[in-house]
Every structure is written in structure tokens, then in C-alpha cells.
Amino acid sequence: CLYTLVSRCTDVKAQTVIAAMGDSITSSSTASSPELAWPAQLDVLLGDAVTVRNFGRSGRTVMLTEDAYTATNFYNSAIKSGAKIG
């Protein structure tokens, strides 16, 4: 499962930031290298006007359980990353 946060940064380039949040599919643990994970591929496809940051965490769920993604530092870092909930 995936949540994506999108915002506009205030730097000179006014770059759009996408925070990719999710489980092992997002984190790249299912890819043969981090560059092949979908957030990295999306970053390449969207070009210089967009930055995709990967906040995926393997073994987590978005369901409200004791191992919920929202209970991780990855989630907190994504929230603090400058992306705004869409």
C-alpha cells in the first residue's frame, strides 16, 4: 500500500517534492538495487523539476497495528520532509 505526499518547495527552482511512503515494494527491498525501486525510477522519469524521496520501510503495514508504518521514524521523516499532505 502506498501514500504519496506532494508539495511545492520554496527554493530557487520551486521544485516539486514527492514523498513516497509504503512497504517493501516502496523501500526497494524487492528490487535488485535501490536505483531500480519505483521511487527512484519515478524520480528519473519526472526529471529535474521534481524530486522523489523514498521513505519506504520493509515489513510495515498501513493498517493500524503494532507494526504500522505510521509508528516508524520513516513516516515521521516523510511528514517532516517538506511535502504537504495532498
Side-chain angles (χ1 to χ4, degrees):
C1 203
L2 160 76
Y3 288 99
T4 302
L5 308 175
V6 180
S7 74
R8 300 294 265 168
C9 292
T10 56
D11 65 354
V12 176
K13 296 167 94 175
Q15 193 170 51
T16 298
V17 177
I18 298 174
M21 302 165 62
D23 57 14
S24 58
I25 295 169
T26 303
S27 73
S28 80
S29 64
T30 58
S32 58
S33 70
E35 297 81 27
L36 296 177
W38 73 261
Q41 293 295 307
L42 181 62
D43 187 55
V44 171
L45 288 171
L46 294 177
D48 292 337
V50 176
T51 297
V52 179
R53 298 191 56 203
N54 189 340
F55 294 98
R57 180 69 174 145
S58 183
R60 296 300 175 153
T61 179
V62 295
M63 296 179 356
L64 296 177
T65 63
E66 64 185 43
D67 64 342
Y69 179 80
T70 54
T72 68
N73 288 333
F74 288 85
Y75 173 78
N76 293 326
S77 294
I79 296 300
K80 295 175 184 176
S81 71
K84 294 181 182 172
I85 296 176

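The shown structure was predicted, so the numbers you read here are calculated from the model rather than taken from an experiment.
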(request) Any chance you could measure Asn54, atom CG, to Met21, atom CE, to the nearest 0.5 Å? (result) 11.0 Å

(request) Check whether any side-chain N or O of Ser81 sits under 3.5 Å from a backbone N or O of Ala78 as a donor-acceptor pair, and report yes or no. (result) yes

(request) Report yes if the side chains of Asp43 and Ile18 come closer than 4.5 Å at any heavy-atom pair, otherwise no. (result) no

(message) According to side chain to side chain donor-acceptor pair (under 3.5 Å), who are the partners of Ser28, at least two apart in sequence or on a separate chain?
(response) none

(request) Mind checking the CG-CD1 spacing from Asn73 to Ile79? Nearest 0.5 Å is all I need. (result) 12.5 Å

(request) Taking all non-hydrogen atoms of both residues into account, name the closest pair between Phe74 and Gly56 and its distance. (result) CD2-O, 3.6 Å

(message) Can you tell me how far apart OG1 (Thr26) and CH2 (Trp38) are? Round to the nearest 0.5 Å.
(response) 5.0 Å

(message) Once side-chain contact (heavy atoms from CB on, under 4.5 Å) is applied, do any residues pair with Ser58, and if so which ones, sequence neighbours excluded?
(response) Ser24, Ser27, Ser29

(request) With sequence neighbours left out, write down each residue that passes side-chain contact (heavy atoms from CB on, under 4.5 Å) with Ser32, or none if nothing qualifies. (result) Leu36

(message) Just to verify, what does Gln41 make a side chain to side chain donor-acceptor pair (under 3.5 Å) with, not counting sequence neighbours?
(response) none

(message) With side-chain contact (heavy atoms from CB on, under 4.5 Å) as the test, pick out the partner of Thr16 among Thr51, Val50, Val52.
(response) Val50

